[in-house]
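Structure, as structure tokens:
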Amino acid sequence: MTTLTPIGLVATAVSNPAAVNPVPERESLMTAHPHNEIFAPDPAFAEQANAGPDEYERASADRLAFWDEQARRLDWSDEWSEVLDWSDAPVAKWFVGGKLNAAYNCVDRHVEAGNGDRVAIHWVGEPTDDARDITYAELKDDVSRTANYLSSLGLVAGDRVAIYMPLLPETYVAMLACARLGLTHSVVFAGFSSAALRSRVDDAEAKVVITADGQFRRGKPAPLKAGVDEALGSSLDSVDGPAESVQKVLVVRRTGIDVDWQDDRDVWWDEVIPSQSTDHTPEGFDAEHPLFVLYTSGTTGKPKGIIHTTGGYLTQASYTHHVVFDHKPGKDIYWCTADVGWVTGHTYGVYGPLSNGATCMVYEGTPNSPTEHRHFEIIEKYGVTIYYSAPTLIRTFMKWGREIPKSHDLSSIRLLGSVGEPINPEAWRWYREHIGGDAVPIVDTWWQTETGAIMISPLPGATATKPGSAMRPIPGVEASIVDGDAKQVPPEEQGFLVITEPWPAMLRGIWGDMERYRDTYWSRFAEEGYYFAGDGAKWDSDGALWILGRVDDVMNISGHRISTSEVESALVGHDSVAEAAVVGADDATTGQAIVAYVILRESAPEDTDRLELIDELRATVSREISPIAKPRDITIVPELPKTRSGKIMRRLLKDMAEGREGGDTSTLSDPSIMEQIRTKGTRG
Ligand code: WT7
């Protein structure tokens, strides 16, 4: 269905009253330029869709009543007295006084409804002969056993548990067991360094760390527990003393590689969990009880622990998963390719789909292990119907070539999703054509760790789409695009994306730092009470919303958020580096790539091999943060471009990194600097 009919977009023209968007002109749609194509919802898809255009009207007629209705998708042990209490803004309370258990909603209730035999997780390991199916009934038993074990350790609701694991069934079980007990989990991406793990364990004062001996990466086992030992201060490589808060480390045997063992602290999962009772009665927790903390980069070097709740979060996770992915329980095979280390893995890998009784694909490895066919083999074998992935992976598939997806039967797919960064129109079209058989809807979903769930996205049966546009806020969400004075910008003009009304899955703060919470998100438009998302955006003249990327010092590398200052501080942590400036430069595959400019210390040995040093610096960043944060280019320069007041002019470095010549250098303290960098820099 590639017809460029004008229907759809007009019918569902953005009716967000707060945004007061221009009503799209029929004419402008009829003459749509090929690069401004519009895909109306396929009538056959719309016919069976979970949400139609009336959803927008119902939501805008009474937003709180609308969310009240969505909360009833879940089972609550206690009813709430008020939908929203915003009197303590910017800290919201949703579903005041309501009580529920997130794990009960994601697991038990499906078994009670007679769907215990339905597969909850089709798990596929990285080694090709390694796969397991887990039904809802089995998941309930595993979660109950694990909950019983964790309570036997004396953990009580409100305690924190760190989870540092590859994508295993046990990872799901661990998260859900925490949720069942009201233990706030903090999942740390297993690709993060031990230093990153340590700072997160300390910040949240986690009492238990759940991990695995190792993980399979590109066909080989790689250690993971060793990183935990280093993080917790129990290995020879540890730099800090022991992590005070941690009492137990629970270790899943995944690869069988050798591990060091600390008898009073470490326990094997398979020695303590299977013997536990499967009887466990879930308790209802307050709607506002913190379900999890997830750390994400901000504009300073210190990651922020984003706090999410039980009731509001689960309501929006469940609702959006239902309407944006048009998910049909018992029929769809749903695959969100994100790792649980990121918010996408939390909301659309675990809580959204499981709350809706979904059958989820979970794949442990990388898309090219053992070959570049892996994702397509999985789609074909399991009959995946909904596939939710990221632009960076789509562009990687494009690079590998269309012949790869073409050699598989992908006809089971009926919906595609994208998240993490703006999807360029070429990648959008390729995705639809080569993965979606030129027929299926694509939902480009904008949201953030902080928003907890999807905020801006088409509804596949109700909203026309344009390649590259996230289209419009979902029902129940109010967004606007404003200038620096909080005034709405006219169409085609760039402004700041703001959320103008509270939403159920919104973050409730930053762990241990509520001041930073107010500052980061609510001070920019304090008078209006708008949430400042940190993204630039525009409406086009058809009323479609385009996300234009970050407006702060946060980079987006393959959909992963990394701050320039985090990388800078890792670089200056190296003995030879005096100063560093980092920028995100456009990159054809990863969206942005990290480009660093460093000045060496006077004390750096004269005879240092500069290219070797550059390699060492890359390794330092990888070790301090993660391999994801490794700079693509590092240039050793004699000086950095600075204003007279000493502020580094990153804009000029970004221009240089993206190959543009001659930005305005008139405010530089020394205008010849850029020329010196160009001619005297050593780049590697
Ligand atoms: C930032 C949030 C939400 C899950 C993954 C990332 C960018 C996210 C889109 C999209 C354009 C997007 C934004 C946002 N972003 N989705 N569909 N189109 N940009 O979560 O790490 O919290 O990053 O990712 O810049 O602010 P995150």
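Atoms within each ligand, like the ligands themselves, are counted from 1 in listed order.
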Inset, instruction - Would you tell me whether S297 and S563 have side-chain atoms, one donor and one acceptor, within less than 3.5 Å of each other? - result: no
Legend entry - Within-cut-off N or O pair, V419 and ligand 1, under 3.5 Å: no
Inset, instruction - Check each heavy atom of T449 against ligand 1 and say whether those closer than 4.0 Å belong to the side chain, the backbone, both or neither. - result: both
Inset, instruction - May I ask you to check whether Q448 has an N/O atom sitting below 3.5 Å from an N/O atom of ligand 1? - result: yes
Inset, instruction - Assess the side chains of S389 and T337: does a donor N or O sit below 3.5 Å from an acceptor N or O? - result: yes
Inset, instruction - For atom 3 (C) of ligand 1, find the nearest protein heavy atom and state the residue, atom name and distance (0.1 Å precision). - result: W447 O, 3.1 Å
Inset, instruction - Output the list of atoms in ligand 1 that are nearer than 4.0 Å to some heavy atom of N556, sorted by atom number. - result: 7 (C), 24 (O)
Legend entry - Any donor-acceptor N or O pair under 3.5 Å, side chains N105, S355: no
Inset, instruction - Indicate, as side chain, backbone, both or neither, the part of E421 found under 4.0 angstrom from ligand 1 when only non-hydrogen atoms are considered. - result: backbone
Inset, instruction - Indicate yes or no: does E37 engage K466 in a salt bridge with an N to O separation below 4.0 Å. - result: no
Legend entry - Top protein contact for atom 11 (C) of ligand 1, by heavy-atom distance: P422 N, 3.0 Å
Legend entry - Numbering as shown, the atoms of ligand 1 that approach I547 to under 4.0 Å (heavy-atom distance): 11 (C), 19 (N)
Legend entry - Distance filter under 4.0 Å to T344 heavy atoms, resulting ligand 1 atoms: 4 (C), 5 (C)
Legend entry - Where ligand 1 meets R561 - atom numbers and elements under 4.0 angstrom, heavy-atom basis: 2 (C), 21 (O), 22 (O), 23 (O), 27 (P)
Inset, instruction - Give the residue and atom name of whichever protein heavy atom lies nearest to atom 26 (O) of ligand 1, and the separation in Å to one decimal. - result: D535 OD2, 2.5 Å
Legend entry - Short N or O distance, S418 and ligand 1, threshold 3.5 Å exclusive: no
Legend entry - The single option from F325, W123, Y387 passing ring pair (Phe, Tyr, Trp, His ring centres under 6.0 Å) against W335: Y387
Legend entry - Inter-residue atom distance H375.NE2 - L410.CG, 0.5 Å rounding: 12.5 Å
Inset, instruction - Among all protein heavy atoms, pick out the one at the shortest distance from atom 7 (C) of ligand 1; state its residue, atom name and that distance to 0.1 Å. - result: G420 O, 3.3 Å
Legend entry - Any residue meeting ring pair (Phe, Tyr, Trp, His ring centres under 6.0 Å) with W430, in chain and number order, not counting sequence neighbours: H434
Inset, instruction - Could you tell me if any non-hydrogen atom of A470 lies under 4.0 Å from any atom of ligand 1? - result: no
Legend entry - Minimal non-hydrogen separation, Y164 against V188, with atom names: CD1-O, 3.4 Å
Inset, instruction - Using a strict 4.0 Å threshold on nitrogen-to-oxygen distance, state whether E568 and R650 make a salt bridge. - result: yes
Inset, instruction - For D203 and Y295, test the side chains for any donor-to-acceptor distance below 3.5 angstrom and give the result as yes or no. - result: yes
Legend entry - Atoms in ligand 1 flagged as close to T445, the criterion being non-hydrogen separation under 4.0 Å: 9 (C), 10 (C), 16 (N), 17 (N)
